[in-house]
Amino acid sequence: MKLRDNARFSTVCIHAGQEPDPSTGAIITPIYQTSTYVQEALGKHKGYEYGRTQNPTRSALEANIAAIENGRAAFAFASGMAATGAVMTLLKAGDHVVVTDNTYGGTYRLFERVLRKYQLDFSYVDTSNLQAIETAIRPETRMLFLETPTNPVLRLTDLTAACEIAHARDVIVVVDNTFASPAVQRPIDFGADIVVHSTTKFLNGHSDSVGGIAVAVHDVHIEWLKFVQNAEGAILGPMDSWLVLRGTKTLPLRMERHNDNTQVLAEYLAGHAKVTRVHYPGLTTHPQHALACRQMRGFGGLIAFELGTLERARTLLNSVRLMALAESLGGVETLISHPASMTHASVPPERRLQIGLTDDMVRISVGIEDIDDLKEDLDQALARV
Ligand SMILES: *Cc1c(COP(=O)(O)O)cnc(C)c1O
């Protein structure tokens with residue numbers, strides 16, 4: 001099973017990093033649930049010494065996602081936050097980072113509550129505004145940390161332009177690509193140096209594993225991430241690696257359905273009298289729709305909309321039957337949530353308003369159920385609002 005260099009995306013998702021098991025021919029990479037490996041003689045082994053350092057199931061996943069993101073190597077971690085934490089060890093005391101202002105809440109917490117203790121400095125700016133990136137870069141800036149689209153207001157950053165600005169100043173670009181997934185957008189193709197993911201979301205896609213991955217292209221980053229993955233040891237276990245590998249095989253198909261279902265719901269909501277505003281890059285009314293068309297293939301599975309008051313949002317959230325009221329996103333089942341009191345509760349109210357996250361906002365991670373059932377569910381819930 002030799003994957004040609006010009007293999008297309010779906011083929012890469014299924015075959016990259018996947019060799020039949022050498023001892024049995026099993027087509028699926030086994031779950032190598034082992035802590036150590038027997039060595040043939042002193043100093044003679046098969047490249048595997050200890051489970052934290054090397055694991056064949058994890059290696060297969062890392063090769064697979066490196067290819068999917070068009071990177072050169074990938075390193076799998078125990079969670080998305082562990083992956084981001086490892087990437088941040090590329091920096092040292094005194095370094096400064098420019099960050100997308102409404103980045104994932106856990107990322108903000110890691111930067112502000114943990115990494116500031118180590119004398120890293122962070123500026124949060126609206127990176128959809130290229131001038132704001134330019135202005136925020138200082139002589140000590142070493143990294144631009146981007147998220148596009150953002151959660152939950154789905155604001156976009158122009159990746160090509162942002163990378164050009166950063167690289168001209170010797171600043172590396174890290175993109176958290178969790179929200180889009182590589183089926184929708186591949187930041188390395190636009191110049192990004194490192195991509196991080198919470199594999200918990202679309203990459204695994206089945207809401208049954210927590211994990212993270214960092215994908216790199218440059219030797220210095222690859223060597224350091226490999227070293228720190230072993231040195232800090234926040235590795236992804238073999239069972240979870242196997243689950244994510246199962247997930248990536250159907251990523252293109254799942255994303256196609258996520259994209260289609262979300263577009264239909266966005267248009268339905270935009271035309272509904274009780275909905276005051278819809279945020280979705282696939283709508284022509286989205287202020288960055290043209291950029292979305294350039295940078296994304298499909299517009300993703302997340303949608304946010306406003307209902308006018310918190311009370312109306314509460315009624316809707318308590319009235320859905322098929323959609324599950326829950327945090328997280330990217331699974332096959334549709335999840336609905338109230339960002340202000342759930343995912344973004346730890347963000348101060350004035351900061352929430354700054355990024356356009358209002359109390360009447362509802363977010364849906366649209367699953368791959370039959371679209372008519374999803375529409376009927378929203379329809380009956382909106383009737384009660
Ligand atoms: C969930 C998420 C994370 C954190 O990932 P965990 O696997 O929960 O640690 C980071 N970034 C984004 C955009 C996420 O949605």
Side-chain angles (χ1 to χ4, degrees), residues 58 61 65 69 74-88 97 99-115 122 124 127 143 145-157 159 174-187 192 194-215 229 232 234-237 239-241 243-244 247-248 251 255 258 262 279 281 296 300-304 326-331 335-337 339 342-347 355 357 363-367:
R58 195 176 82 220
L61 173 68
I65 295 184
E69 274 290 6
F75 303 93
F77 294 89
S79 68
M81 288 324 305
T84 297
V87 167
M88 299 314 282
V97 185
V99 189
T100 299
D101 59 357
N102 62 333
T103 189
Y104 178 73
T107 304
Y108 178 74
R109 178 173 55 199
L110 172 72
F111 291 177
E112 289 302 302
R113 304 275 302 276
V114 181
L115 298 181
F122 302 91
Y124 301 87
T127 52
M143 182 187 287
F145 191 100
L146 299 174
E147 217 179 296
T148 176
T150 58
N151 175 21
V153 296
L154 302 162
R155 205 173 280 161
L156 310 185
T157 295
L159 288 170
V174 178
V175 179
D176 181 340
N177 199 32
T178 301
F179 245 53
S181 96
V184 166
Q185 143 190 305
R186 292 201 303 182
I194 293 176
V195 168
V196 292
H197 274 282
S198 167
T199 59
T200 314
K201 316 294 169 54
F202 289 108
L203 285 174
N204 181 54
H206 292 74
S207 313
D208 51 13
S209 159
V210 171
I213 200 150
V215 185
Q229 182 190 42
E232 288 190 335
I235 49 159
L236 189 66
M239 178 74 200
D240 287 287
S241 298
L243 283 168
V244 180
T248 57
L251 177 71
M255 287 315 300
H258 283 295
T262 314
H279 303 264
M296 304 168 79
L302 274 300
I303 186 171
E327 294 193 8
S328 198
L329 59 109
L335 304 180
I336 193 164
S337 68
M342 294 169 72
T343 46
H344 291 64
S346 64
V347 179
I355 61 175
L357 199 174
R363 185 191 83 181
I364 303 179
S365 169
V366 181

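Atoms within a ligand are numbered from 1 in the order they appear, just like the ligands themselves.
- Taking the side chain as every heavy atom from C-beta outward, Leu329 and Arg363 approach each other to under 4.5 Å.
- Checked against Thr150 for a side-chain hydrogen bond (donor to acceptor under 3.5 Å, both in side chains), the options Asn102, Asp176, Thr103, Thr127 give a single hit: Asn102.
- No side-chain heavy atom of His258 sits under 4.5 Å from any side-chain heavy atom of Val184.
- For Phe122 and Phe145, the ring centers sit 6.0 Å or farther from each other.
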Between ligand 1 and the protein, give all atom pairs where both partners are nitrogen or oxygen and the distance is under 3.5 Å, as lines of names plus distance to 0.1 Å.
| unit_1 | atom_1 | unit_2 | atom_2 | d |
| --- | --- | --- | --- | --- |
| ligand 1 | 5 (O) | Ser198 | OG | 3.0 |
| ligand 1 | 7 (O) | Gly80 | N | 2.9 |
| ligand 1 | 7 (O) | Ser198 | OG | 2.8 |
| ligand 1 | 7 (O) | Thr200 | OG1 | 2.8 |
| ligand 1 | 9 (O) | Gly80 | N | 3.0 |
| ligand 1 | 9 (O) | Met81 | N | 2.9 |
| ligand 1 | 11 (N) | Asp176 | OD2 | 2.6 |
| ligand 1 | 15 (O) | Lys201 | NZ | 2.7 |

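- The CD1 atom of Ile336 sits 10.0 Å away from the CD1 atom of Ile303 when rounded to the nearest 0.5 Å.
- Contact of the Glu327 side chain with the Ser337 side chain is not registered, since no non-hydrogen atoms from C-beta on lie closer than 4.5 Å.
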